[in-house]
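The structure appears right after this line, and notes come after that.
Owing to the predicted nature of the structure, the values given are computational and were not obtained by experimental measurement. Counting begins at 1 with the first residue of the sequence.
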Amino acid sequence: AGLKEALSQGIKAALATLGKEDGFFKRLDVKILLPQKFSKAEEGLRMLGQGAKIDDFVLTMNRAAEKAVPEAVDVFAGALSQLTIEDAKKIVGGAQDEATQFFKKSSSQELAEKLKPLVVLMTEKAGATKAYKGMLKQLGPLEYLVKGSAFDLDDYVTQKSLDGIFFMVAQEEKRIRENPA
């Protein structure tokens, strides 16, 4: 019960940190940036004075993630309710990120399924889809830099949201292990 309570508090703290304005955007360790495969296109657009469009696109992706994250609370609560004595022993005696790994195994799929529809809604509402299409339009002759790069914006933001969530859960787990009280 004590372990469940500590993990519950850590999860709530992690999600509260991310699930507010600038929870992703102002945290360099979880900020959602353009995918690496767009780096040459980004460089070209910035040289053409289109940096503001890129910055707007990055902001809207992060806003979508910030709005979606609070939905993860129920998924983590469900995973915690399924925690067995064996799981608890493994978490307590295991690696420094054993609880985070438990949640990744038990919750990643369900989290992705729950977050993606909200990410789709939020990327549309926040204007990320429009900003992405506008950014691609601005490429003009530089379009060849991203041709053939199948990129699903919603999958990308969903995965980066999950990465951020598990990163913050790991940070909270570390904090709990250092000071269980």
Side-chain angles (χ1 to χ4, degrees), residues 6-77 96-97 99-101 103-104 107-108 111-136 138-139 146 149 151-179:
L7 291 174
S8 176
Q9 297 238 345
I11 289 164
K12 286 177 185 172
L15 296 178
T17 298
L18 294 174
K20 62 183 182 186
E21 187 168 308
D22 292 332
F24 273 85
F25 187 69
K26 294 246 174 138
R27 290 190 57 96
L28 296 180
D29 46 9
V30 295
K31 184 176 182 176
I32 301 172
L33 302 171
L34 281 180
Q36 187 64 35
K37 64 181 164 185
F38 287 100
S39 63
K40 291 212 185 289
E42 176 182 5
E43 192 177 300
L45 284 170
R46 288 194 185 278
M47 286 173 37
L48 294 172
Q50 299 299 315
K53 287 194 186 297
I54 294 167
D55 296 339
D56 184 48
F57 176 54
V58 169
L59 176 64
T60 59
M61 287 190 301
N62 283 276
R63 291 293 185 250
E66 292 160 1
K67 296 284 188 196
V69 162
E71 295 298 312
V73 172
D74 293 340
V75 176
F76 280 107
Q96 287 295 90
D97 68 342
T100 304
Q101 294 308 314
F103 287 120
K104 276 185 179 179
S107 305
S108 287
L111 280 169
E113 289 170 4
K114 187 156 189 163
L115 293 184
K116 185 166 182 185
L118 195 52
V119 165
V120 169
L121 179 67
M122 291 301 153
T123 54
E124 189 65 39
K125 188 175 179 182
T129 305
K130 183 179 177 185
Y132 173 61
K133 288 177 182 174
M135 185 182 71
L136 288 180
Q138 294 296 318
L139 283 174
V146 294
S149 295
F151 177 67
D152 184 315
L153 175 63
D154 299 317
D155 282 346
Y156 178 73
V157 174
T158 300
Q159 186 55 56
K160 288 301 191 179
S161 298
L162 292 174
D163 293 348
I165 288 169
F166 287 121
F167 176 83
M168 291 305 296
V169 167
Q171 296 302 305
E172 287 297 320
E173 180 179 2
K174 180 180 178 195
R175 188 184 61 74
I176 292 167
R177 287 183 185 276
E178 289 171 353
N179 183 9

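Arg63 and Glu66 are joined by a salt bridge, as a carboxylate oxygen and a charged side-chain nitrogen come within less than 4.0 angstrom of each other.
To the nearest 0.5 Å, atom CG of residue Asp55 and atom OG1 of residue Thr60 are 11.0 Å apart. Note that the CG atom of Asn62 and the NZ atom of Lys160 stand 11.0 Å from one another [nearest 0.5 Å]. The distance from the CD atom of Glu172 to the CD atom of Gln9 is 10.0 Å, given to the nearest 0.5 Å. Between atom CZ of residue Phe103 and atom CG of residue Asp97 there is a gap of 12.5 Å, rounded to the nearest 0.5 Å. Interatomic distance, NZ of Lys67 versus CD of Glu21, reported as 7.0 Å (0.5 Å rounding). Considering CG of Leu18 and CE of Met168, their distance stands at 5.0 Å, rounded to 0.5 Å.
The side-chain contact (heavy atoms from CB on, under 4.5 Å) check on Ala72 picks up Leu15, Phe76, Leu111, Ile165, with sequence neighbours excluded. Residues satisfying the ring-ring contact (aromatic ring centres under 6.0 Å, His included) criterion with Phe24, sequence neighbours excluded, are absent altogether.
The nearest pair of heavy atoms linking Gln96 to Arg177 is O-NE, 3.0 Å. When all heavy atoms are compared, the tightest approach of Leu7 to Ala99 is CD2-CB, 3.6 Å. Listed here is the closest heavy atom pair of Ala64 and Val157: CB-CG1, 4.4 Å. Between Ala65 and Ser161, the shortest heavy-atom contact is CB-OG, 3.2 Å. The nearest pair of heavy atoms linking Leu115 to Ala68 is CD2-O, 3.1 Å. The two residues Glu71 and Leu118 come nearest to each other via the heavy atoms CG-CD2, 3.0 Å.
Proximity of a side-chain donor or acceptor of Thr123 to a complementary backbone N or O of Val120 within less than 3.5 Å is detected. Checked by atom type and distance alone, the side chain of Asn179 never pairs as donor or acceptor with a backbone atom of Arg175 at under 3.5 Å.
The number of heavy atoms from other shown groups lying within 6.0 Å of NZ (Lys114) is above 12.
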Name each donor-acceptor pair under 3.5 Å that joins a side chain in residues 25-33 to protein atoms two or more places apart or in another chain, with its distance.
{"unit_1": "Arg27", "atom_1": "NE", "unit_2": "Asp29", "atom_2": "OD1", "d": "3.2"}
{"unit_1": "Arg27", "atom_1": "NH2", "unit_2": "Asp29", "atom_2": "OD1", "d": "3.4"}
{"unit_1": "Arg27", "atom_1": "NH2", "unit_2": "Asp29", "atom_2": "OD2", "d": "2.8"}

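Gln171 has its side chain within reach of Phe167: a pair of non-hydrogen atoms, C-beta onward, lies under 4.5 Å apart. Contact check for Asp154 versus Lys116: side-chain heavy atoms found under the 4.5 Å cut-off.
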Working for side chain to side chain contact (heavy atoms under 4.5 Å, CB included), residues Phe57 and Leu153 = CA-CA 11 Å; Phe57 176 54; Leu153 175 63; 3.6 Å; yes
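Between the side chains of Gln159 and Asp155, no donor N or O sits under 3.5 Å from an acceptor N or O.
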